[in-house]
Every structure is written in C-alpha cells, then in structure tokens.
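In this chain, residues are counted from 1 in sequence order. Both backbone and side-chain heavy atoms feed into the values below; hydrogens, waters and symmetry mates do not.
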Amino acid sequence: RLEPVPKPPRAELRVRLLMLVIDAFPPWWPFLVASYARSFPTYELVVVHTGPAPADAGASHVSYEATTVAALAARFASKLGAPPEVVRRKFASAKGLSDLKPFYGKVFEELLQGGCTHWGWVDWDVLAGDLRAAIPQAQLWEYDAVTLPGATLGFAWAGQLSILSNTNEGRTLFTVVPNFLELSLKTGTGEARQS
C-alpha cells in the first residue's frame, strides 16, 4: 500500500511593501504608520526616502532606508541598465514617479531578502488597516501577482497597491514589455508623461 507523500510546509507569508518618498513626508504620516501596525508581521512597510526621517522612525513594523535623489537615480540607472541622464531627468521632473513602481523589486531587491515571500508597492496616501483581512493569504500563494481591481483605470497594475511573489520573475515582470524603459522614463506633460 502506498502512503501519500506529504507536501512540504509552506513558508510563513511575509510581504514587504515598498514606498518611495521624495523630499518630505506628508502630514498624515503618523496615521499611515499606525494603519500598518495592524498588518504586522505579515506585512512590513519599507520606506526609501530622500528627506529627513519622520519622528516616528522607530516603529518596528516600518523600515526606513535613507538616500539622496542623486543616489536613487544612479541606483535605478545601474539596476535597470538605463542611461543615467534619462533617469536623472525623470527624477528631476517630479512627474510620473509612479511609473517606476514596477521596477522596485529589481532596484531594491536586497531589501527583499531574509524571509520575504512577496513584495509590492503602495502609495503614501493609502491608510491600509488590516491587509491580512482584505487580501486572503490563499490568493497570494495561488497567484504570482495581485493588484486592486477597479483601481487601474484600464492599466495593468494598480499604483495604490500591488503585490508580487518574491522570485526573480516577480521582481523582473516589467521585462515582458519590450520598450519598458522608454515608456517608464518619459518626462512629458499630462498623460504623455506616464506609462
């Protein structure tokens, strides 16, 4: 008689949500930090920022990574193989920086090490509440990518919140678009500036 082969245990779900804050934190920051406490330790907020850290920078459920705009632009250029002058123009324009969100997994991949099973991006105006109740764990294990329905305005990914598996494929999913650098680094006006 054959015994069923037990499935290996699934890792504990650990999601790191990446956020980029250029210059100053918004006045509602303490409320945002408090909202993410409800989802910890399953969800951890990782904030890459170019200005001074906020007063509440000691919260255990939020990690802060300080940098400069110049270093951040150089990092994007290096990790993506993009022309440095084009990336610098994108950051200098302060327009359409949301276009860079799909790159976060690749650009900040070292921040996703150490037991992180999933990664994602989130806007700085999203007060999350308990994400464990809003996004079923089974859904994150079943799909390689989860995004908010109805929030995409016809685009593939919601800028407010999207979560991907922390695999090489999940961190480089943007490469399925042949001209991803050209689309994401443009700096025009209005809709012409966004991918």
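With hydrogens and angles disregarded, no donor-acceptor distance shorter than 3.5 Å links the side chain of Arg88 to the backbone of Ala73. Looking at Arg132, its side chain does come within 3.5 Å of a backbone N or O of Arg38 through a donor-acceptor pair. Listed for the Ser39 side chain is a donor-acceptor partner under 3.5 Å among the backbone atoms of Gly129. Remark: the backbone N or O of Leu111 is paired with a side-chain donor or acceptor of Arg16 at under 3.5 angstrom. Judged purely by atom type and a 3.5 angstrom limit, Lys79 has no side-chain atom pairing as donor or acceptor with the backbone of Phe103. Between the side chain of Thr147 and the main chain of Ser162, no donor-acceptor pair closer than 3.5 Å is present. Under the 3.5 Å distance criterion, the side-chain polar atoms of Ser184 are matched with a main-chain donor or acceptor of Phe180. Proximity of a side-chain donor or acceptor of His118 to a complementary backbone N or O of Tyr43 within less than 3.5 Å is not detected.
Within a 6.0 Å radius of CG in Asp130, other residues, nucleotides and ligands contribute more than 12 heavy atoms.
Smallest separation of non-hydrogen atoms from Ala77 and Pro84: CB-CA, 3.8 Å. Here the closest non-hydrogen pair linking Thr172 and Thr175 is O-OG1, 2.8 Å. Nearest heavy-atom pair across His61 and Val33 is NE2-O, 2.7 Å. Between Leu32 and Asp123, the closest heavy-atom pair is CD1-O, 4.5 Å. Pairing each heavy atom of Ser35 with each of Ala128, the nearest pair is OG-N, 3.1 Å. In terms of heavy-atom proximity, Pro27 sits nearest to Pro30 at O-CD, 3.6 Å.
Residues Pro54 and Tyr64 are in side-chain contact: their nearest non-hydrogen atoms beyond the backbone lie under 4.5 Å apart. With a 4.5 Å cut-off on side-chain heavy atoms, Val47 and Phe25 count as touching. Annotation: side chain of Leu131 is in contact with side chain of Leu17 (closest heavy-atom distance under 4.5 Å). Side chains of Leu112 and Leu18 form a contact here, defined as non-hydrogen atoms less than 4.5 Å apart. Inter-residue side-chain proximity for Phe108 and Trp119 is flagged as unmet; no heavy-atom pair is nearer than 4.5 Å. The side-chain heavy atoms of Asp99 and Lys90, taken from C-beta on, include a pair separated by under 4.5 Å.
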For the pair Val86 and Phe76, evaluate side chain to side chain contact (heavy atoms under 4.5 Å, CB included) and give the outcome as yes or no after the intermediate values. CA-CA 10 Å; Val86 174; Phe76 271 82; over 6 Å; no
Stepwise side chain to side chain contact (heavy atoms under 4.5 Å, CB included) check, Val21 with Val48: CA-CA 6 Å; Val21 177; Val48 178; over 6 Å; no
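Atoms CD1 and CG, from Ile22 and Leu97 in turn, are 6.0 Å apart once rounded to the nearest 0.5 Å. Taking CH2 of Trp28 as the start and CH2 of Trp124 as the end, the distance is 5.5 Å to the nearest 0.5 Å. We find the OH-CG distance between Tyr36 and Leu127 to be 8.0 Å, quoted to the nearest 0.5 Å. Residue Leu13 holds its CG atom at 4.5 Å from OG1 of Thr117, rounded to the nearest 0.5 Å. Between atom CE of residue Met19 and atom OG of residue Ser63 there is a gap of 12.5 Å, rounded to the nearest 0.5 Å. One finds the CG atom of Leu161 at 9.5 Å from the NZ atom of Lys101 (value rounded to the nearest 0.5 Å).
The one candidate from Leu80, Val87, Leu185, Leu72 that meets the side chain to side chain contact (heavy atoms under 4.5 Å, CB included) condition with Leu100 is Leu185.
Each of Phe40 and Val62 belongs to its own hydrophobic cluster when Ile, Leu, Val, Met, Phe, Trp and Tyr are linked at side-chain heavy-atom distances under 4.5 angstrom.
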